[in-house]
Amino acid sequence: MSNNEQLKGGEQNQEPTEAEEILGSMEGKFDKTQAESERKKVEKKKQKEADPWDLAGYSDFDLLETEDYYRRNLDEIYEGTARGMENHLNRSMYERELKDIQKEKERRGTNRPEYIEAEEILRDTKDVKKAIWNTEETLGDYFENTCKQRLADGVGSIYDSINSTDDMSSALFAAHWKKTEHPDVMPGCQAYVTKDIKGGHLGLLRIADLPDDAAIIASDPKGTGKVSMTVSGEKGPEVEDTWLIVGKEDGVDVVFTFHPGEPVRPSVVEVKDCPDGTKLTKEQALNLGFDLAKIV
């Protein structure tokens, strides 16, 4: 009787395992122990292939974001241990996985433009999140009210896929932000931009594109002393970018505003020259130097 037949004696009605099929094609003798060893190797390989901790498949940003998450958790564990708290069970796991991430970073290289950009986006995104937290803590309902203005049932600059202030806030937190410059951002402020928030509609219309009989109203709802042009209308055109403006309030970075589309240069036309509520023709608005009207 062959070795194969001896091995499978009593198992005539069972399908051979993958390891046994591999060994069955080998030359020479083997036993059940060897077959079991090969089976475990095959299973281990399958588990490795199915393991979600496949760092090679992570994008640069996801890799850095995961590293940041584990590092923050590990810092909290170290801090708790230093205060005499019980050693955290996940400490060794975080340390091990941070080492894996470091090895993956070294493997792919950190001098590549893509990696450097990912580092910048992670840094800028953290700055935006901090500014949002500061706004919620220091400016009362200001941030919630700003979110409310951008919901699908609002007018002007809106997101037609977002229906609650919580969802709007979550979308801002989930987005990846990049610091940028724009000539129409006020001095002392910093602009950030993202393409991750979908369904944004510009809250402005080009006055030159309006019908000749369009009713344009000068408006200064916040009492700034400067008027803007406003016009009744439907949603503005859909845009990909969301812009968020951060500035200082009592020395702390806060979110002044955010909206679909690029910032617009503030009006320089004073109320004394064009009183709030004044009705203008399209030609009159253009002659005053306005090229855009806010949808109200």
Side-chain angles (χ1 to χ4, degrees), residues 52 58-59 61-73 75-76 90 118 120-180 182 185-186 189-204 221-222 228 230 232-264 294-296:
Y58 280 39
S59 69
F61 184 85
D62 288 340
L63 186 70
L64 287 167
E65 194 170 44
T66 303
E67 180 185 38
D68 183 67
Y69 170 80
Y70 280 111
R71 194 172 300 285
R72 283 187 285 107
N73 278 275
D75 287 344
E76 291 179 5
N90 286 333
E120 293 173 350
I121 292 174
L122 180 62
R123 179 200 64 206
D124 295 345
T125 297
K126 291 167 71 173
D127 288 345
V128 168
K129 289 180 178 179
K130 185 175 181 180
I132 294 174
W133 288 325
N134 291 342
T135 310
E136 292 176 326
E137 291 179 1
T138 63
L139 297 184
D141 296 333
Y142 178 82
F143 182 70
E144 182 178 0
N145 289 336
T146 304
C147 288
K148 189 178 296 183
Q149 294 173 4
R150 304 290 180 244
L151 302 183
D153 59 357
V155 294
S157 299
I158 64 165
Y159 296 87
D160 59 11
S161 59
I162 300 179
N163 299 297
S164 73
T165 56
D166 285 343
D167 288 346
M168 187 72 258
S169 178
S170 295
L172 294 170
F173 270 109
H176 299 155
W177 297 91
K178 183 70 181 292
K179 183 183 293 186
T180 189
H182 194 284
V185 172
M186 293 175 55
C189 295
Q190 178 60 58
Y192 297 84
V193 67
T194 183
K195 294 183 182 295
D196 293 343
I197 306 176
K198 306 303 181 184
H201 288 263
L202 196 64
L204 302 163
K222 297 182 179 179
S228 298
T230 64
S232 297
E234 301 296 328
K235 291 186 296 187
E238 186 167 356
V239 291
E240 291 186 354
D241 293 347
T242 290
W243 288 69
L244 181 143
I245 311 300
V246 170
K248 296 288 186 182
E249 183 72 22
D250 295 330
V252 177
D253 285 338
V254 297
V255 177
F256 281 174
T257 189
F258 67 89
H259 46 73
E262 295 186 22
V264 175
K294 295 180 180 179
I295 302 173
V296 295

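Index from 1, following the sequence.
A heavy-atom distance below 4.5 Å is not found between the side chains of Lys130 and Val128. No side-chain heavy atom of Phe256 sits under 4.5 Å from any side-chain heavy atom of Thr135. Looking at Asp166 and Ser169, their side chains never come closer than 4.5 Å, going by heavy atoms from C-beta outward. With contacts defined as side-chain heavy-atom distances shorter than 4.5 Å, the pair Val254/Thr138 qualifies. When side chains are defined from C-beta on, Met168 counts as touching Leu151, because their heavy atoms get closer than 4.5 Å.
The residues Asp253 and Lys248 are annotated as salt-bridged, a charged nitrogen and a carboxylate oxygen being separated by less than 4.0 angstrom. Ion pairing of Asp75 with Arg71 is absent here, as no side-chain N (NZ or NE/NH1/NH2) approaches a carboxylate O to less than 4.0 Å. Salt bridge absent: Lys179 and Glu120 never bring a charged side-chain N and a carboxylate O closer than 4.0 Å.
Residues Tyr159 and Thr242 bring a donor and an acceptor atom of their side chains to less than 3.5 Å of each other. For the residue pair Asp167/Ser170, the side-chain donor-acceptor check at 3.5 Å is not satisfied.
Note on ring orientation: taking the six-membered ring where Trp is involved, the planes of His182 and Trp243 are perpendicular (angle over 60°, cut-offs 30° and 60°).
Using modelled atom types, one side-chain atom of His201 and one backbone atom of Gly236 make a donor-acceptor pair closer than 3.5 Å.
Counting heavy-atom neighbours within 6.0 Å of Phe173 CZ, excluding the residue itself, gives a total above 12.
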